[in-house]
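Notes for the one structure printed next.
On a predicted model such as this, the values are computed, not experimentally measured, just so you know. Throughout, a chain's letter reflects where its sequence line sits, starting with A, and its residues are numbered from 1.
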Amino acid sequence: MTTDAIDHCQSAAVPHRDAGPVPPQYQAAADEIEVFEAASRRGLPVMLKGPTGCGKTRLVEHMAARLGRRLRTVSCHEDMTASDLLGRFLLVGGDTQWVDGPLTAAARDGSICYLDEIVEARSDAIVAIHSLTDHRRELNLERLGGESITAAPGFQLVISYNPGYQSVLKDLKPSTRQRMVAIDLTYPSASVEREILTRETGLTGVQADSLVTLAQGLRRAEHADLREVASTRTLVTAAALLQEGLGFTAAATAAIASPLTDDPELHASLLGLIGLYDPAPGTPNA
Amino acid sequence: MDVAGQDDVGSPPPHAQLVAQAVAGRAVELRLTRAESYSDGWVVHLGDATPTAHLTWTAIAQASLVGVGSLDPDVTRRLCGAGRERQLTYVALELRRAARELAHVLPPAYLRVLDADGDDSAARPGSATESADLALAGRSIVLPPSWAGILRPRAVLRAGGGGTGSTHGPDSISRPEMAAGLSAPDERDDQTEEGERSRFLERLAGPFAGPLGTAFQRMLGASRAEGEGVTGAGVTGARRLADRPKGARLLTSRAAALSGAPRDTALGERYPEWDQGRGRYRRGWCTVATLDPAPPEHGSLPWRDDSAARLLARRLVRVTPARTRARREATGADLDLTAVVEHRTALAAGHATPPLLFQGVRSTAGDLAVLVLLDATESATETTGSGPGRSLYSAHRALAGTIAQALTALDVPVACYAFRSRGRHDVRLIRSKAFTDRWDSSARLRLHAVEPGGYTRLGAVLRHGARLMRFDESAKRRLVVVVGDGVPYDDGYEGGYALADSRRALSEARAAGLSLLGLAAQSSPALARLWGEDHCIASTPASLATSLPAAMKGVFTAAPGGPGEPLPRRSA
């Protein structure tokens, strides 16, 4: 159990993207990069708001590479406790040993800590970030006998939050929100999205146009059950499948319709809709 | 149109509504109409003379008008009384404008079909106002494709605002409830909705004739069930009234007509009924069946508002705490430091204690299961007065749906059934959501397929409901919520007798460990008579959040076998 626990802690802390030769691509829709940079220079925490698959994580990776900082990503979930962020005691041999969590580690070494989908975490976990996110920029570890860590220069907290998916039990408290610099992200416009498809997968032409039109239409539908309809991410996946030789309907069904819903009514509607947008209906798969 | 063969009243394909919403940029309903296709900005009425293959294009065309603001009342008003040709010219110009402005969301296939029709006009108006100017100037007539539908300015004005911008239509429940799936034909543009409906119903009261009548015949099955009318809320053909007992109303639901066995065959579970006069049970007196509603002709659901359910779920979390902290566990995510210290101390003193050194958080969502029973009987067709045409039933139905949705969000097992009866042999529970179902659009469709009718044999319903609750006997707390006006009444089941049997059934259920709660949209003495204090009032789904959690807490803390008739020593 103990070795597992150490592994678990470390794996939560680890995913760091060293900037490869090419920094992760990000296509700006508005001034999000400038705002992020300005906040970063001041050490202000940033809150990325937007639906899933619209580029929040990609933006963070891009900025981390651009700013030359290490990035620690934590995927928040509802079993996450404050200990998962701050650190915990583990039994090593016969002794208890303290292991830093990703937030503490980032505060110590001045890297970016990215809490993805922070509303999934419970409120007692979220409150752990408060002291780091205001003028104090310090972390209090009560369990360590009240040790106080001042965040190293370069430390920045980034959180992502999906305002459209308002889970019943979870919401960000105003006291957390007002500590943040917020950047609103949304799905890109048709032309930008078209460029993204081409850049990510190489898909062009009428198939790319049809995919983008389909997505734009689905988003307008504002169907209560299609919350995160046709995100840019699913579009890119569909485009990739098309590049692999699948037909339009097959690719769109596999990447967009089927993952989106299990509801048979809705699934049938989506299939019909895809058929309407298919540039070459009736063409079998390649 | 050939009614006996294949080309009968078509339904739009299932995706038509989705693409209409995508094009319109907001929620739109699709309904079939006997007249020509048109839209009022909220509902797209599809004319049943349109070949099925074109219905999707019609839906898209009309939705595109909504999407670019062609149905803005200020512009549409100018076209009232302008004459058909000018109205159609407006439609044609606006369809083209919509095709230009919504090119990024319109299906390419639709644009091809529209182009194939040809563009006679050189004009390219940049706004609805310009199109209206051109149309009213009357210099040239341009016709839209035959399948595209027409403009009904007065319908748009009546609906109150078909412009773009707002995403929530008027409460769909408050729209006059038509016979399911079909809207009334109107021959004159300035008819009121009431006038339309009564004319429509007149037509139906007579012998079945014409495509509409045949459609109804088809919906009701091969033969019309005895004594059942085909209309909406309660209006019937005159000839049957004489056969009915005083005060009785006909069963009007298509759901009831289609689902379940014919009335003289009793299928289902047998339950006793308490005869207060004689002080004993009548064994096997009632027959209760659990049935499915007939699927509606096309799935057009009212717009869903999640906010009430979300609000309720938040409040319910406190009644059903989902997590507890468990200390001194053998495994867990965190060390229980107190336990570690004690363990070490004990070891140092020479005792070995089991290494229960961890703490974790356990989900206790398995604590609760809820059955929602919705009274779907005639007494619930009165209006609440809180909105035009808003019946008590539709308010209760909204409450039931909100509870089901909120509990589903909390992962609490919940089931939802509507109920009604016609005599003791024909008591029906009509499934919207069984415990094993999910709360998805099918469940909501089933809930909305049930229209009120019949009577309330509450005792039998409660006993059957208690049996359904055996699904989840692991749940520590099992709750039955009965949404209705609390008035038991049926054939041979009324007054003090009915009340006594209903209260008896409540006691039996409580003795079996269930908690029961009444819920209604408005207060009445009947509720207090039946439930005592175990009921709550919520006039809208949003007010559930304030009243329901406290009421639930109240019935949970009451001892089992609470207020009600004392049980005999031996149950019959």
Per-residue contact mode, B/L312 against chain A (heavy atom under 4.5 angstrom): neither
Proximity breakdown for B/A103 and chain A, heavy-atom pairs closer than 4.5 Å: backbone
Minimal non-hydrogen separation, A/S210 against B/P108, with atom names: OG-CG, 4.5 Å
Flag side-chain contact, heavy atom, 4.5 Å: B/V19 against A/Y277: yes
Minimum heavy-atom distance B/V23-A/R220, with the two atoms named: O-NH2, 2.7 Å
Choice from A/D209, A/L273, A/I274 maximising heavy atom contacts with chain B below 4.5 Å: A/L273
Worked verdict on B/L335 versus A/L90 for side chain to side chain contact (heavy atoms under 4.5 Å, CB included): CA-CA 7 Å; B/L335 280 182; A/L90 298 175; 5.7 Å; no
Note, A/L276 side chain near B/T56 side chain (heavy atom, < 4.5 Å): yes
Closest non-hydrogen atom pair, B/D440 against A/P264: OD2-CD, 4.4 Å
Contact origin within B/L311 toward chain A - heavy atom pairs under 4.5 Å: neither
For chain A, the option from B/L102, B/L337, B/L106, B/I60 that forms the most heavy-atom pairs under 4.5 Å: B/L106
Interatomic distance, B/Q359 atom CD to A/T81 atom OG1 [nearest 0.5 angstrom]: 9.0 Å
Nearest non-hydrogen partners of A/Q216 and B/H104, listed with the distance: CB-O, 3.6 Å
